[in-house]
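To keep things clear, I will list the structure first and then write my remarks on it.
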Amino acid sequence: MIDVHDFCFSYEEQPILSHFSMYIKEGETILLKGPNGCGKTTLLKMLNGLLFPEYGTYLFSNHKITKKQLKDERFSKWFHQQIGYVFQDSTIQLFCASVEEEISFGPEQMDLSKVDITSRVEDMISLFDIEKLRKRAPYTLSTGEKKKVAIASVLAVNPSVLIFDEPFSGLDDQTVELVKALLSHLHKAGKTMIITSHDKWAEDTLNTRIITLPALVL
C-alpha cells in the first residue's frame, strides 16, 4: 500500500533521512521509532505530500506521489482523502471559525450530500463528547480539546490510512485514555495506521510492527 524507496532529505544541507526505505501493507499498524532528530515527523510529512524527497520514490496504492502529480487537482483531492494526518501540535491544523465547521470541512471537500455531512459531524461530536464545544472557535480550546477536534476532523473523512504524530502529547489522563481506546478500536477494525509515540502503550498493547529510523552519524 505504501512503498517508500531510498528516501533522502535534508534541511539547509543538514541530512535528515539518508537512503531510507519501508513498505507498509494495508491493515498494518506501524509504530515509527527513532531518536529525536532522526526524521520521523519529516517522513510523516512526506507520506502526506507536504514535503518531497530530494532522492527516492514514493508509491501509494501503486500511484507515484510527486510534487508534479499533486499539482493535478483531481489526483491531489483523491490522495489527500486517502491519508488522514493528526499533527503533534493540533493548533496548526485547525483553521475554521467553529468546531462544527472544522469537522464538516473535510466531508464538504468530498462533495458529499448535506445529509451525509451532517451525519458525519454528529457522529464525531457524539464519539468525542464535544457537544458543548460545537460553536466554539478552535483557538479558544484547551490542548486536549483541540486534539479531540483534530482527530474528529480527520476521522470524518474516513481515510484509508491514519497517521498520528505523538497522539498523547500534552493531553490530560482522561483524554489520553480516550485516544488509546480509539486507537485500539481502529486497530481491531483493520485500519492502516502509522503512529509515532514515546509512550510504550502502543508497543505493548497494539499488535504493531516497529520501524526504526536510525540516527544519522555525521
Side-chain angles (χ1 to χ4, degrees), residues 1-2 26-27 29 44-45 47-50 60-61 63 65 69-171 174-195:
M1 187 175 198
I2 292 175
E26 185 175 0
T29 295
L44 298 185
K45 289 181 178 179
L47 294 180
N48 281 271
L50 302 176
F60 179 85
S61 292
H63 295 277
I65 307 302
Q69 182 74 312
L70 290 181
K71 287 181 179 179
D72 181 309
E73 184 176 349
R74 184 176 178 182
F75 181 84
S76 179
K77 186 175 183 178
W78 169 82
F79 174 70
H80 289 298
Q81 288 173 1
Q82 302 305 305
I83 300 185
Y85 183 19
V86 180
F87 290 65
Q88 180 174 349
D89 180 3
S90 298
T91 301
I92 63 178
Q93 71 182 104
L94 303 177
F95 53 86
C96 293
S98 72
V99 166
E100 189 174 49
E101 292 176 48
E102 196 74 56
I103 299 172
S104 67
F105 179 81
E108 287 172 356
Q109 305 312 302
M110 298 169 67
D111 299 323
L112 299 178
S113 69
K114 288 185 178 181
V115 172
D116 286 341
I117 292 171
T118 298
S119 176
R120 293 195 183 199
V121 171
E122 296 306 318
D123 286 347
M124 291 301 106
I125 286 177
S126 175
L127 175 64
F128 289 93
D129 192 22
I130 52 176
E131 174 64 38
K132 64 182 180 180
L133 307 179
R134 181 190 290 268
K135 301 299 182 182
R136 292 265 302 275
Y139 73 86
T140 68
L141 306 179
S142 69
T143 299
E145 290 169 340
K146 287 177 182 176
K147 182 72 75 173
K148 287 181 181 180
V149 174
I151 297 175
S153 301
V154 168
L155 292 182
V157 180
N158 192 27
S160 302
V161 177
L162 288 164
I163 296 179
F164 296 90
D165 191 1
E166 295 293 343
F168 313 125
S169 177
L171 302 184
Q174 184 177 1
T175 306
V176 166
E177 291 307 311
L178 173 67
V179 174
K180 286 180 177 179
L182 175 65
L183 293 178
S184 292
H185 173 75
L186 293 169
H187 172 72
K188 291 175 182 176
K191 182 68 75 173
T192 306
M193 293 194 293
I194 304 169
I195 304 167

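Predicted model, so just to flag it, every value in this text is computed and none were measured. Positions are given from 1 along the sequence.
Taking a 6.0 Å sphere around NZ of K180, one finds it holds more than 12 heavy atoms contributed by other residues, nucleotides or ligands. A 6.0 Å sphere centred on NE2 of H185 holds no more than 12 heavy atoms belonging to other residues, nucleotides or ligands.
Applying side chain to side chain contact (heavy atoms under 4.5 Å, CB included) to P167 and the options V86, V179, L162 leaves one that passes, V179.
Residue pairs meeting the ring pair (Phe, Tyr, Trp, His ring centres under 6.0 Å) criterion with at least one member in residues 81-133, sequence neighbours excluded: Y85-F87, F95-F105. The ring pair (Phe, Tyr, Trp, His ring centres under 6.0 Å) contacts involving residues 140-159 comprise nothing, where partners must be two or more places apart or lie in separate chains. Pairs engaging residues 147-166 under the salt bridge (Lys or Arg N to Asp or Glu O under 4.0 Å) rule: none recorded [sequence neighbours left out].
For S119, the side-chain contact (heavy atoms from CB on, under 4.5 Å) partners are D123, not counting sequence neighbours. Take E122 and apply the salt bridge (charged side-chain N to carboxylate O under 4.0 Å, His left out) test, not counting sequence neighbours, and it matches R134. In this view, K77 and Q81, D111 satisfy the side-chain contact (heavy atoms from CB on, under 4.5 Å) rule, not counting sequence neighbours.
Side-chain contact between V157 and P107 is present, with heavy atoms from C-beta onward closer than 4.5 Å.
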Decide side chain to side chain donor-acceptor pair (under 3.5 Å) for E26 and T192; before the verdict, give the C-alpha distance in whole Å, the side-chain angles of both, and the deciding distance to 0.1 Å.
-> CA-CA 6 Å; E26 185 175 0; T192 306; 5.6 Å; no
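Relative orientation of the F75 and W78 rings is tilted, given thresholds of 30° and 60° on the angle between their planes.
No side-chain donor-acceptor contact under 3.5 Å links K146 to the backbone of D89. Remark: the backbone N or O of D72 is not paired with any side-chain donor or acceptor of S76 at under 3.5 angstrom.
Taking CD1 of I103 as the start and CD1 of I117 as the end, the distance is 13.0 Å to the nearest 0.5 Å. Separation of atoms CG (D129) and CG (L178) is listed at 9.0 Å; rounding is to 0.5 Å.
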